[in-house]
Structures are given as C-alpha cells and as structure tokens.
There are 2 protein chains.
Amino acid sequence: MATIKDVANKANLSVATVSRYLNDHPYISEDKKQRIKAAMEELDYTPSSIATQLRSKKGNMIGILVSRITNPFFSYLVDAIEKEAKKNHYNVLIMQTYDNKKSEMNMLELLKQQVIAGLIMCSVEGNPETIASYQEFGPIVLCNEQTSEALIPTVVTDQKQAVYDAMLYLADKGYQKIAYCTGGTLANEGHGRSRTEGFEQALLEKQLPIKRNWIFRQVHTSQDGAEVADKILHLPRLNRPDAVFTNSDEVAMGIMERMLQKKYQVPKDLAIMGFDNQPTTSLLTVPLTTIAQPVAALGSESTKLLLAKIKDGAYEVDQAHLKLTLIKRKSA
Amino acid sequence: MATIKDVANKANLSVATVSRYLNDHPYISEDKKQRIKAAMEELDYTPSSIATQLRSKKGNMIGILVSRITNPFFSYLVDAIEKEAKKNHYNVLIMQTYDNKKSEMNMLELLKQQVIAGLIMCSVEGNPETIASYQEFGPIVLCNEQTSEALIPTVVTDQKQAVYDAMLYLADKGYQKIAYCTGGTLANEGHGRSRTEGFEQALLEKQLPIKRNWIFRQVHTSQDGAEVADKILHLPRLNRPDAVFTNSDEVAMGIMERMLQKKYQVPKDLAIMGFDNQPTTSLLTVPLTTIAQPVAALGSESTKLLLAKIKDGAYEVDQAHLKLTLIKRKSA
DNA sequence: CTGAAAGCGCTAACAC
DNA sequence: GTGTTAGCGCTTTCAG
C-alpha cells in the first residue's frame, strides 16, 4: 500500500503539501497539484482513514443500534439511515441488541473509542442516565424511542394521536366493542404506553366500554395473535368484541388467519386493525387496515439531526414528515 | 479520554507493560497486573481501537455488501452474519448497493484502507476480475453469489437441484403445464441461470412442454406478479398453464392475489410456487408452497469462512447445512 | 505557498 | 519480567 510519503517522494514534495492537497487546503500552486495528482494515480494511492482518524479525531462512521434487523420496521429504518448517511459520505456500523443490554454497552464503548462519530439508537435497553453520560464522547440520537426525561435528543412520532384517531375511525364505522392488544403490560412505558393512552382517551370520549377481557397483553407474534383469536371466540357470543386493535401487523395477521380458518368473516364478524403497514399486508385475502409509521422520515431525520450534531451544527427536525397515517383497507 | 500513557503513569509502569497486559502477554507479575487493572478502572480507560488498528494492522470490523437490506432475504442474512461476527468479537459495517457499482467500489476501497478486515459480498455488480484484485488487501467471500471462474471463495447452495426437485414435485402431483417466472432474461448468469437449468432439465426428463408464452422474464415485484396473472388469464383456456413456478415469494403473492381477486381458485385453477419462504407466506389465505433457502447457514458459514481467512486459517464450509428445502403448503 | 518536525495512542523489537 | 524507543500514516503548528 502506498502511503502519503510515497506520494510526496514521487512528486518531489513534502508530505505536508500532499496532506494539504488531500484536505483541499487553499494556496497550493496549480502545477504541484498536478504533480501530486499524477503521483497518486501512478501509485494507486488511497489515504488511510484509520491514520486520519487517529490524528484528526474525525471519523466518518456512525453507529446504528436496533433490536433485530429482521423486523421490517427496523430494516426499513436502517435503509433510510444508510441512504442518508451515504449521501453525506458516512458509513454505518450496525449492531443488533436482541433486547440485550450488553450489545448496547458495546456500541456505546465504540462511541467512547471514537470508532463511530455518533450513534442512532432505535432501541434502548439500558438506564437512560448511563446512556446519556456517553454523550460526552459523541452525539447520540434516539429514534422512535423516548426516555422519561429529556436527556437525549429524540426523533419521535405522536403515537398517542395516531391511535386516538384510529379509534375514532372505528367508532365512526359503528364499532362499539373494541378489543386491544399490546406488546407490553399496559402499565409500562415507551410507545406501548402512548398508544394505550390514545386508545383509552378515545374510548372514554366516545363512551365506549373498556372491558378487562378485551385487553390482551404481551402479544408479539402471529402465534400470539392466533391465541388472541381463540380467546375472543371462546367468549360468549354477546360478550365478544366487534373490532380489535393490535399493536403490530404480525399479531393482526395471526388473528385474521385464525378467524378465516374457522370460517368467520373479517371484518363482518370481527374487524381487525394492524400497526406498521408491513409489506405484505396489502396482499392478504382481506387486506389489512393498519397504521403506517413514517419510517423513511424517522430514519432520515434522525440521521440529519445526528450529522448536524457531529458537525456542531443545529438541525430542526421536520415534524411535518413524521405523521403516522391510517391506511384504510378492508379488514376494518 | 485516558490513554495508555496515563495508565502507565498512574501505575508507575511503562506503557510497554500496560500494552502487554492489554494483549494478554505472558509473564507479567501478578502484583503489576493488579496495579494496572486498578489504574485502568480509576481512569475509566478504554483502549483506542483506532490506534491499535493503525499500529498493528489488525482490525475487528468486517464489511457486508447487500443490494437492499429491506429485502427479507438480505435482512436475515445480515442477521446471521452479525450474530456470528459478534460471537467472534467482530463488528459489521453494512452498505447497500441498490444494484449500483459505485457503492460496491466504495466498500472495496474500505478494504484497501484497512477499515474493514474482510468483506462478505451478498451481491455483486462489478467485474469479477476487478473485485478479485482487491483480495490483495484482505479476504473476500461471496455469499449466495458466484463468478464464472473460481476467482473468489464462495458459499453457495445448489439452486439448480432445488428447482429440479420442485419441478419433479409438481409433475408428480400431476401438473403438466408449468409456467416459469424469472427475474432475469433467461439467458443471463447468476442463480437465475442455475434455477432455469433445473427447470429445463426436469421438464425435459418428464417430457413436459416448455412453452414460450409460459415463460415470464424480468418479473420482480408483486405488481409484476399481478401482471403475470393477467397474462395467464388472457391465454385461451386450453392453452393456460396449470402451475407456475416463480422466482420469489413476492411475485408468487402477486399472482395469487390477482387470481383470488378474480375468483379463481388456488391451486385448483392454478398452482403457485414461490421462492424464499418469506415470513408471511404461511399466513396467506392459501398458504404458499415455496422453497426455503438456508439463510442462517449461508450467513454463518460465510462469516466463519471469512474469519478463518482473516486469521490465515482454513475453514471447510459445511455443505450439509446449505440445503434448500421445499416447503409444501397449500398453493401447489 | 512550502517544508520540518512534533505528535495522535498504541505495538513490538531490542535491550537489560 | 520490564523499560526504551522507533515507528504505523496522517495532520498541523511553526518557520521560512
């Protein structure tokens, strides 16, 4: 591998001049520029970004933390972040936490070591104070996540409002007995909580019942969804919900699949609403009514915010593009 | 940020000793080990992997090149690679090519710069010779891709055999008029070509017709699939295929959706076979018969091979785990 | 405009 | 066992 020194020798100049050329320094005479350029090409020279990083403390890599990349929500997020990063000549280092604090700490250490110049956390496991303390080593942005206090810059959507609107949509369609699925325990924090607030507020305002056995907690997979369907079908006919809001398309698909399999009709016997607008939801026999998250905008805004902070600049997040949208299809 | 020098000072030792401690060098007296450890903790010291990399030429990051991470096949691949890498204390740098040669070259440059210690290419755009030439700077492994000549180590499955077996399965079920969808042009290279070979060989052996208007080229999306369905339905009834093999689940779903929508039955009116076994294919009204690729094994074997090469070791790829599987469901 | 020289934080001979 | 020292490839004063 050719080094800057080789280039300098070949061009009969000092390394300093070559370095200046590399960094677009003003005031280099045109002929020397040409000599340097020629030498570089002849030697097939590529500057070592490792050396540059050690010396100048300026890297061009950012970290992305997700819980699992195979979840389409995250892969679309990563897609958006990678695109925006690339546009600004940054590379991305990805780490999956699998809900494990240890990986998160590893990533934070990479920030401390200056391997990454900044970090976008699309998933947070650890203690907010601890995480916030790492900001000393480089900027951190929370993407679609929130800590109780404003310790870390955040890019989020208004999930409460979205669910509130979705409930009003169901109510306006005449549904009166609305069941609710959550991934959490109902009482917990995070977007689970904001969604629940939207649900509760809407039902209260519309004076619709919130019944204990229409609430399903800790449901995550399509398998869980199938079980929810079973539970609903085991309820006495008059006591059954006529619609169900789910916290994810996977769960919604699980419920729908089981209903259809048992020869019930959707939405006639049970309206189903998903969350996420995953790629295949429009391809189902009964296309799924769901809530689309502005994934691309979440990714690009987070990245823009982070890059601004890396350059000590400011960036005003564009909330207008961060709206959730109700996707009305056939299932509800 | 504390440096190795600070630690050495605090522990009243030389940087060399501290460095030895860091690298698990033998022969350091126990008491000094303790002193170093204490000093490190007190200073909250973390070694700079940038400096280590510059000096020792040994990094712990590998690159992954994919065309688009939002394609589930790739996100599952990345998942497997990331897991295996993490197990060996390697981090992953991801880049999407979006079928663009430029990004591929950028990644190759990162290898040249020693930013990454090795590269797994799950997608190749450029000229094989050019790519192969970069092996001078670090190992490269092709994952689920192949170049005409054996220029680069490769981890692949036998797609020809899989499609051959799938066609036999269809034939045994009594299907005689089999249509075929490919993403390419039929004549092109890559796995498209191997699959086509399997298709052709099976039909020849079974003496089944291969008809020009039952072959569909350049189909990629579910939208393309819907169009294929339309084309099939426009054929005179007697001239219609009774089964269709597709190159991807997306296409298969598009075909199925359109058939169902037009009140045709699957598989009665048209049997449909997908490729990839994507997450939601089992949740469709007519669950999709498809071919599952051993994604996790492809990812982990590629990674093991790459890491072995990084350490100048050898690794025998475990072909037994690289089998494609026919997933028999309802659609064919 | 250009060059000499001092490091960035760490490793690896080489001495003792 | 441990310390001294010379760099890895680059940027950046400080002098010309």
Side-chain angles (χ1 to χ4, degrees), chain A residues 1-37 39-40 43-61 109-117 137-138, chain B residues 1-40 43-61 89 109-117 137-138:
Chain A
M1 273 292 304
T3 75
I4 198 175
K5 209 170 164 183
D6 300 327
V7 175
N9 285 150
K10 181 139 239 147
N12 254 306
L13 289 165
S14 71
V15 292
T17 309
V18 179
S19 172
R20 286 189 186 100
Y21 174 87
L22 248 25
N23 296 283
D24 295 316
H25 209 83
Y27 314 133
I28 311 182
S29 60
E30 201 49 47
D31 68 314
K32 310 219 157 138
K33 276 190 191 167
Q34 293 312 321
R35 268 158 60 196
I36 294 175
K37 204 173 158 210
M40 284 183 175
L43 294 166
D44 189 24
Y45 169 77
T46 314
S48 152
S49 67
I50 297 293
T52 310
Q53 227 169 306
L54 176 59
R55 181 61 231 233
S56 69
K57 303 285 170 212
K58 283 183 178 71
N60 67 314
M61 187 139 55
E109 283 299 313
L110 293 181
L111 186 62
K112 185 169 169 188
Q113 292 177 29
Q114 307 290 4
V115 170
I116 53 177
F137 307 113
Chain B
M1 273 293 303
T3 74
I4 199 176
K5 209 169 164 185
D6 300 327
V7 176
N9 286 150
K10 180 137 241 147
N12 256 307
L13 290 163
S14 72
V15 291
T17 310
V18 179
S19 173
R20 287 189 186 101
Y21 173 86
L22 249 23
N23 295 285
D24 295 317
H25 209 81
Y27 314 133
I28 312 181
S29 60
E30 201 48 49
D31 68 317
K32 310 221 157 139
K33 275 190 192 168
Q34 292 314 319
R35 267 156 62 196
I36 294 174
K37 203 172 161 212
M40 284 184 174
L43 293 166
D44 190 23
Y45 169 78
T46 313
S48 152
S49 66
I50 298 294
T52 310
Q53 225 170 309
L54 175 59
R55 181 59 232 234
S56 69
K57 302 283 170 216
K58 284 183 179 71
N60 66 315
M61 187 139 56
H89 306 289
E109 284 299 314
L110 293 182
L111 186 61
K112 185 168 169 190
Q113 294 175 29
Q114 308 288 1
V115 171
I116 52 176
F137 308 114

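Proteins get letters first, then strands, A, B, ... in listed order; numbering begins at 1 in each. Remember, predicted model here, so these are calculated numbers, not experimental data.
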Handout entry: A/Thr46 and B/Gln113: CA distance, side-chain angles, deciding distance, side chain to side chain donor-acceptor pair (under 3.5 Å) verdict
Key = CA-CA 7 Å; A/Thr46 314; B/Gln113 294 175 29; 5.9 Å; no

Handout entry: Residues that A/Tyr21 engages under ring pair (Phe, Tyr, Trp, His ring centres under 6.0 Å), provided they are two or more places apart
Key = none

Problem - Spacing of A/Gln114 atom CD relative to C/dC10 atom P, expressed in whole Å - result: 12 Å

Handout entry: Interatomic distance where CD belongs to A/Gln53 and P belongs to C/dG9 [whole Å]
Key = 13 Å

Handout entry: Results of side chain to side chain contact (heavy atoms under 4.5 Å, CB included) for B/Lys5 - residues two or more places apart only
Key = B/Thr3, B/Asn9, B/Val15

Practice task
Have a look at B/Ser29 and say if it touches a base, only the backbone sugar-phosphate, or nothing, with a 4.0 Å heavy-atom cut-off.
Solution key: sugar-phosphate

Exercise for the section: Output the distance between atom NE2 (B/His89) and atom CG (B/Asn60), rounded to the nearest 0.5 Å. Expected result: 10.0 Å

Fill in the blank from the handout: Between NZ of B/Lys5 and C1' of D/dG7 the distance, given in whole Å, is 15 Å

Fill in the blank from the handout: Applying side chain to side chain contact (heavy atoms under 4.5 Å, CB included) to B/Arg55 and not counting sequence neighbours gives none

Handout entry: Under 4.0 angstrom between B/Ser19 side-chain N/O and C/dT11 OP1 or OP2
Key = yes

Exercise for the section: Report which part of the nucleic acid A/Thr3 touches: base, sugar-phosphate, or nothing (heavy-atom distance under 4.0 Å, all strands). Expected result: sugar-phosphate

Exercise for the section: For B/Ile50 and C/dC10, give me the distance from atom CD1 to atom P, rounded to whole Å. Expected result: 11 Å

Handout entry: Gap separating the NZ atom of B/Lys57 from the CD atom of B/Gln114, nearest 0.5 angstrom
Key = 6.5 Å

Fill in the blank from the handout: In short, the helix from C/dC1-D/dG16 to C/dC16-D/dG1 is bent end to end, axes from five pairs each side, to 10°, by 40°

Completion exercise
Whole-Å distance, B/Asn60 CG to C/dC10 P, equals 14 Å

Practice task
Look up atom CD in B/Glu30 and atom CD in B/Gln34, then write down how far apart they are to the nearest 0.5 Å.
Solution key: 5.5 Å

Problem - Presence of B/Lys57 side-chain N/O under 4.0 Å of C/dT11 phosphate oxygens OP1/OP2 - result: no

Polar atom pairs between nucleotides 3-7 of chain C and protein, under 3.5 Å, N or O only, would you list them?
| from | atom 1 | to | atom 2 | distance (Å) |
| --- | --- | --- | --- | --- |
| C/dG3 | OP2 | A/Ser14 | N | 3.1 |
| C/dG3 | OP2 | A/Ser14 | OG | 3.1 |
| C/dG3 | OP2 | A/Thr17 | OG1 | 2.6 |
| C/dG3 | N7 | A/Arg20 | NH1 | 3.3 |
| C/dG3 | O6 | A/Arg20 | NH2 | 2.2 |
| C/dG7 | N2 | A/Arg55 | NE | 3.3 |
| C/dG7 | N2 | A/Arg55 | NH1 | 2.5 |
| C/dG7 | N3 | A/Arg55 | NH1 | 2.9 |

Exercise for the section: Starting from P on C/dG9, measure out to CG on B/Asp6 and report it in whole angstrom. Expected result: 8 Å

Problem - Whole-Å distance separating the CE atom of A/Met40 from the C1' atom of D/dC10 - result: 12 Å

Practice task
Measure the NZ-CD1 distance between B/Lys10 and B/Ile36 for me, rounded to the nearest 0.5 Å.
Solution key: 14.5 Å

Exercise for the section: Would you classify B/Tyr21 as touching base, sugar-phosphate or nothing, given that sugar-phosphate means primed atoms plus P, OP1 and OP2, and contacts are heavy atoms under 4.0 Å? Expected result: nothing

Practice task
With sequence neighbours left out, write down each residue that passes side chain to side chain contact (heavy atoms under 4.5 Å, CB included) with B/Ala2, or none if nothing qualifies.
Solution key: B/Asp6, B/Leu43, B/Tyr45

Exercise for the section: Report the distance from atom CG of A/Asp24 to atom P of D/dT12, rounded to the nearest whole Å. Expected result: 13 Å

Completion exercise
Between B/Leu54 and B/His25, whichever has its closest DNA chain D nucleotide further toward 5' is B/His25

